[in-house]
Structures are given as structure tokens and as C-alpha cells.
Amino acid sequence: MERYEDARAQYRAAGADTELAMEKLRHVPISLHCWQGDDVRGFDQDGPLTGGIQATGNYLGRARTPEELFQDLEKALSLMPGTKKLNVHASYAIFSPGEHADRDRIEPRHFAEWVAFAKKHGMGLDFNPTFFSHRRVKDGLTLSSPDEETRRFWVEHGRACIRIASYFAEETGIPCVMNIWTGDGFKDIPADRLGPRLRYRQSIDEILAEPYDFGKVKPCVESKVFGIGVESYTAGSGEFALLYAAENKHRCIPLMDNGHYHPTELVSDKIPALLSFFPEIALHVTRPVRWDSDHVVRFDDETREIAKEIVRCGGLDGRVDIALDFFDASINRIAAWTIGFRNTEKALLYALLQPAAELRELQEESRFTELLARQEELKTLPFGTVWECYCERCGAPADGEWFTEIRKYEKEVLSGRR
Ligand code: RNT
Ligand code: ZN
């Protein structure tokens, strides 16, 4: 492609190697969340989505069964370049007809179909215990509940999930990131902020007492600033989750979701802060619009900045586990997956095309005027041409090509789901 050779030369002149960038990115796994396909409903119960999170909208074609979800995922995967992992929630257990196991009793076999699907597509699997949308959530609390029976139930759920995560790692041969997030909190000003956190801490200790190999199962703790209905207090706050992980470095890693901070805080800046202390961290890449709204990831400034920090800090060599976390029910869900995933890949490719060493040198020599000029000029290099080439090499459709597939799928498959 002549156009690509031109672009390659322009990047070379700017100090970046497009071939190296594309080759690097191809092997970086990004974890695709199963829950965009069905508005976080899962298969193990019929109740509403709880935990302070919301999927809004009623676009046609929500996946209602495992078969539909697998079919939709397959379509979405075919439209994305790069290496994928699949992120599954415990609420997506698949029971045989007439069978049911409560969350404290789920077993690896209830996820055998997920393993088969992952193997079919050569993907690793990540996992999440589901501490929401369930009748055993008592007064909005799970792992931090003062009701011992409730707390124990959820600890048992967490332990069951460690066993399932081990099974995923064993079966796929790829480590499984297992993320602990609860929406535990209070709507109004609490009388005791310490008690729930001490119980939460004890509960995670008890979950992680389940034996696992930290080379294969990577438990994380995800923090949050607040959820809908629990605006005044969140047990798993930023400091709580970070300090838990810091104290348990040999068996747990911190997870940052970029929708879970105050609006002027930036996860891009937190990445190098955490990497100064942790060998490995995990991310939920999302797009918060004024709050934790879980909009589809765009190719926007902060997504690019997050990608730059991942790349510059050596995050692509196993130090940063990247997962997506958004759920928009107001647009075509397969397109939502595709757009968010492609944009994350795009941001990483864009970041890999920064002449990082040269820019760092300018900073270290305090040549800030030149740094500003260089940074600005990099923005208008022919990035689209390199992206197009990357998609082609990955066997994925280019921009402008994949949307016709969505339209066709909507007409032929989704519209039949009314
Ligand atoms: C919620 C957290 C959490 C969930 C998923 C479904 O605010 O971001 O990661 O989105 O577990
Ligand atoms: Zn998240």
C-alpha cells in the first residue's frame, strides 16, 4: 500500500516505527466484557440490576439466552482487530435444564460453555464474582454486611469464584484476572464508616484464603466513589481498595475503573503512581459522562492519555491488565462492543506511535517549548493510514467497512428478538 509507505516514512521522520508498533499491539490482550450484550442481566436470576449501576435504553435485540449472547459476541469479535480475552460475570452461569445452584454453590462446570467458547476463539478468560442483582444482597450490603449469615454467603460466593477462575486459567492456559467489586454503601450519611470497611476487609481476606496460584489467578479489588442510591458512602472507596492491595501485594492487585473517581481526577495520572509501587495493576476502561455512566469508550483525550501511560510505563509487557467496562442499552449492543474495543485498540496504537524516548529526553533536558511543539505536531501525522493497515493485517474490517455488517445483523438476527 503506497499510502501506508508514505505514512510509515512520516512517522519514521518523527521518530516512531509503525512496524514495531503494529507488531507489539497485535499480541496485547484486551478483555471484552460479556455484560454489554444483555444490559448486565446475566442468566441466574430475573430480578432488576442492583448495586448502584444502571444500563439505560431499550434498543432492540438484547441477548436473552446464552446462545444469543454467544452469537452476538461472535459477531462483535469478527469486527475487532487484535488479541481478545473474554470477561465473564458469575451471574452468567449456564445451568442445564432444571438445574440451579445459588451463587455460593456455583461450580466450574456451570461455566463449561464459556470455556468452550473461549477455546474456540483462542481467547483467555477473566472472571468476576457478582455481588449485586441478587436477593441475598441485604439492605444494599454484601461483603460488608453486619448480618453474619449474609456476609458468609457472599464470602462463599467469592471463594467459589476463585475456584472457577483457577479452572479458567487451567483450561485456557492463560492467567485469569478475577475482580472483586461490591456496590456496598449507604444512601445517607452513615453513623459508622469504619465497621463496614473492617468487615469488607475481613471478607476479602477470607475469600483470598481459598487456595490459588497467583501466577494463574489474579484477584483484584476495584474501588468506587459512589453509586446510584448509595451516594453518601461506599465501603470499597479508593483508599480502601488501594491499601488492601498494597498490604496484600503477593496475592492481590488494585483495579482502577476510570468512571470511579471525582470528575477532575484522572486515571491516566494514577497509572504511573500505582506502578511506582505495584508490579501489576488492572484497569476497567470506560467513559464517564459527568458520573460513572459507563458510556462506550471513545477515541478521546483521556482514553489516549491512559493508553500513553500504559505504553510508556511498560504496561504492555504484563504490568497492566486491560479490560473494558461499559453498558449502553440505547444503541446497537454489538456496535457498542465494537466501537469501544476498536477505540481502545486505536488509542494503544496511537500511543505506540509516540516517540516516547525522545519526548522523555526533551522533558529531562527541560526543553519544554520544543516538547510542546513536538507533542502538538504528532497529532496530525497520518494515523488513520496506519490504523487501516493494522486492521488489514489483523484480518479485521477497516473503518467504514464494518458498519454494514451491523446493519445486516440487526436486520437478520436482532430484529427477530422482539
Ligand atoms: C461498577 C463497576 C463494575 C461493574 C461490573 C459489571 O461500577 O464498574 O466493574 O461495572 O462488574
Ligand atoms: Zn468497573
Side-chain angles (χ1 to χ4, degrees), residues 30-45 47-56 63 69 85-93 103 125-134 137 140 142-143 154 157-158 161 164-165 176-185 200 218-231 233-238 240-242 245 253-263 267 270 281-297 303 306 320-329 333 336-337 340 344:
I30 297 177
S31 197
L32 185 69
H33 54 312
C34 74
W35 52 92
Q36 165 64 72
D38 74 333
D39 314 338
V40 211
R41 288 185 193 223
F43 305 134
D44 72 343
Q45 54 91 43
L49 175 59
T50 71
I53 53 178
Q54 289 182 344
T56 58
L69 190 57
K85 258 183 130 182
L86 189 55
N87 207 355
V88 182
H89 243 284
S91 51
Y92 291 77
R103 296 233 179 120
L125 285 164
D126 291 327
F127 198 48
N128 307 260
T130 312
F131 299 104
F132 53 84
S133 302
H134 192 275
V137 178
T142 61
L143 293 177
W154 290 108
H157 174 55
C161 287
I164 294 160
C176 174
V177 175
M178 193 201 88
N179 178 42
I180 297 173
W181 171 76
T182 76
D184 287 24
Y200 192 8
K218 308 276 182 175
C220 317
V221 185
E222 177 182 11
S223 69
K224 188 159 178 172
V225 61
F226 82 96
I228 294 293
V230 287
E231 292 86 356
Y233 170 86
T234 297
S237 60
F240 176 91
L242 201 52
I253 62 179
L255 186 146
M256 294 189 289
D257 177 312
N258 62 304
H260 290 192
Y261 297 86
H262 288 280
V267 162
K270 297 176 193 294
I281 66 169
L283 296 178
H284 273 180
V285 180
T286 185
R287 179 163 53 101
V289 178
R290 306 186 192 284
W291 69 289
D292 180 42
S293 60
D294 291 293
H295 279 63
V296 176
V297 173
T303 306
I306 286 173
V320 180
D321 301 307
I322 308 167
L324 304 183
D325 184 14
F326 49 81
F327 27 98
D328 191 338
R333 295 169 185 81
W337 263 323
T344 308

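Whatever order the structure lists them in is the order used to number ligands and atoms, beginning at 1. Keep in mind that what you see is a predicted model, and the values were worked out from it rather than measured. Scope of the values below: all heavy atoms of this structure, side chains included, with no hydrogens, waters or symmetry mates.
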Please walk me through it: do N258 and L283 pass side-chain contact (heavy atoms from CB on, under 4.5 Å)?
CA-CA 8 Å; N258 62 304; L283 296 178; over 6 Å; no
Which is it for T286 and D294 under the side-chain hydrogen bond (donor to acceptor under 3.5 Å, both in side chains) test, yes or no, and what are the steps along the way?
CA-CA 6 Å; T286 185; D294 291 293; 3.3 Å; yes
Relative to ligand 1, is H260 under 4.0 angstrom through side chain, backbone, both or neither, heavy atoms considered?
side chain
At the Zn ion (ligand 2), what angle lies between atom OE2 of E222 and atom ND1 of H284, rounded to 10 degrees?
90°
Contact check: H260 to the Zn ion (ligand 2), N/O/S below 2.8 Å
no
Judging by distance only, is a nitrogen or oxygen of H284 under 3.5 angstrom from one on ligand 1?
yes
Parallel, tilted or perpendicular: ring planes of H134 versus W154, cut at 30 and 60 degrees:
perpendicular
Is there at least one pair of N or O atoms, one from N128 and one from ligand 1, spaced under 3.5 Å apart?
no
Ligand 1 and W181, any nitrogen or oxygen pair closer than 3.5 angstrom?
no
Distance filter under 4.0 Å to D257 heavy atoms, resulting ligand 1 atoms:
8 (O)
Please list the nearest protein heavy atom to atom 6 (C) of ligand 1 with its residue and the distance rounded to 0.1 Å.
H89 NE2, 3.4 Å
Heavy-atom contacts under 4.0 Å between D292 and ligand 1: side chain, backbone, both, or neither?
side chain
Could K218 and D126 be called an ion pair, given the rule that one side-chain N must be under 4.0 Å from one carboxylate O?
no
Looking at D257, the N, O or S atom sitting nearest the Zn ion (ligand 2) is OD2
Which residue, V320, D321, V221, forms the side chain to side chain contact (heavy atoms under 4.5 Å, CB included) with I253?
D321
As a test of understanding, state which of D44, T130, T142 forms a side chain to side chain donor-acceptor pair (under 3.5 Å) with R103.
D44
Would you please classify the geometry between the H33 ring and the W35 ring as parallel, tilted or perpendicular, with 30° and 60° separating the classes?
perpendicular
Atoms in ligand 1 with a heavy atom of I53 nearer than 4.0 Å:
1 (C), 7 (O)
Identify, by name, the N, O or S atom of D325 lying closest to the Zn ion (ligand 2).
OD2
So does K224 pair up with D257, basic N to acidic O under 4.0 Å?
no
Can you list the atoms of ligand 1 that are under 4.0 Å from a heavy atom of K224?
1 (C), 7 (O)
For atom 8 (O) of ligand 1, which of T182, D325, N258 has the closest heavy atom?
D325
Between ligand 1 and N179, is the shortest N or O to N or O distance under 3.5 Å?
no
Check: F132 ring centroid to W181 ring centroid under 6.0 Å:
yes
Quick one: does E222 get an N or O within less than 3.5 Å of an N or O on ligand 1?
yes
Between N179 and N87, is the side-chain contact (heavy atoms from CB on, under 4.5 Å) condition met? List the steps.
CA-CA 10 Å; N179 178 42; N87 207 355; over 6 Å; no
